[in-house]
Amino acid sequence: QSGLTQPPSVSAAPGQKVTISCSGNSSNIGKNYVSWYQQLPRSAPKLLIYDNNKRPSGIPDRFSGSKSGTSATLGITGLQTGDEADYYCGTWDSSLNGGVFGGGTKLTVL
Amino acid sequence: QVQLVQSGAEVKKPGASVKVSCKASGYTFSNYDINWVRQAAGQGLEWMGWMNPKTGNTGYAQKFQGRVTMTRDTSIATAYMELSSLKSEDTAVYYCARRMVGATFFFDYWGQGTLFTVSS
């Protein structure tokens, strides 16, 4: 199952902004909505963004999502040490007829 | 409150089968598909498939077709994922997660995860 492409790691200082990219193709991101998840150590993933840019109840507006063509981006502003986690993008792949995730990006808040 | 509670860790030998359960509570079981996602140690998320609790319909990732079976018992709001012909590469944490029927690909609640280890 082909996956989506994310940078392995990103880092930024507390209070700063960071973006995490997620690259796919015309069968997955190009055709379907993207969701984003935060996974803290030894925990299950937690939904941050769905339908490209919508936040579930309880997710602060420091987290934002966008999509353009076959790529999507997660933005996090006002970084906090508690934001240190792995972040994953996911979407449906219409060619594979299945779900696909990115390889994950480890965020370090320096 | 919505909860997905999974069965406990297991150790299996290569070639065996394992069946993991996912008990749902706090919502109408039939309104949400149950998906299964696995994660090997230090690795990313891998989608395995989905099951509609109302109809029993399923869809599996190509990689697992022929080895995975997703079922449910609506009387106890529990979904099951059985994986057969286990290999060492199947050692991972397995999560169930719900997706509203008819919604796009996203999971708003996840189980706590079940670790199963395949070792001789």
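Model, not experiment: these values are computed from the prediction. Throughout, protein chains are lettered first and strands after them, A, B, ... in sequence-line order, and every chain is numbered starting at 1.
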*Asks:* With chain A, which of B/Gln39, B/Gln112, B/Met48 has the greatest number of heavy-atom pairs at distances under 4.5 Å?
*Replies:* B/Gln39
*Asks:* Under 3.5 Å, is there a donor-acceptor pair between the A/Thr91 and A/Asn28 side chains?
*Replies:* no
*Asks:* Report which part of B/Val93 has an atom under 4.5 Å of a heavy atom belonging to chain A: side chain, backbone, both, or neither.
*Replies:* neither
*Asks:* Below 4.5 Å, heavy-atom pairs only: which of A/Ala44, A/Gly103, A/Pro45, A/Ser35 has the largest tally toward chain B?
*Replies:* A/Pro45
*Asks:* Under 4.0 Å between a side-chain nitrogen and a carboxylate oxygen: does that hold for B/Asp90 and B/Lys12?
*Replies:* no
*Asks:* Give a yes or no on whether the ring-centroid distance for B/Phe116 and B/Tyr94 is below 6.0 angstrom.
*Replies:* yes
*Asks:* If you tally heavy-atom pairs under 4.5 Å against chain A, which of B/Phe106, B/Trp50, B/Tyr109 wins?
*Replies:* B/Phe106
*Asks:* Compare every heavy atom of A/Ile59 with every heavy atom of A/Lys46, then report the nearest pair and how far apart it is.
*Replies:* CE-CD1, 3.7 Å
*Asks:* If I measure from the heavy atoms of chain B, does A/Gln39 come under 4.5 Å with its side chain, its backbone, both, or neither?
*Replies:* side chain
*Asks:* Assess the pair B/Trp110 and A/Tyr37: is the distance between their ring centroids shorter than 6.0 Å?
*Replies:* yes
*Asks:* Contact part of B/Phe107 toward chain A, heavy-atom cut-off under 4.5 Å: side chain, backbone, both or neither?
*Replies:* both
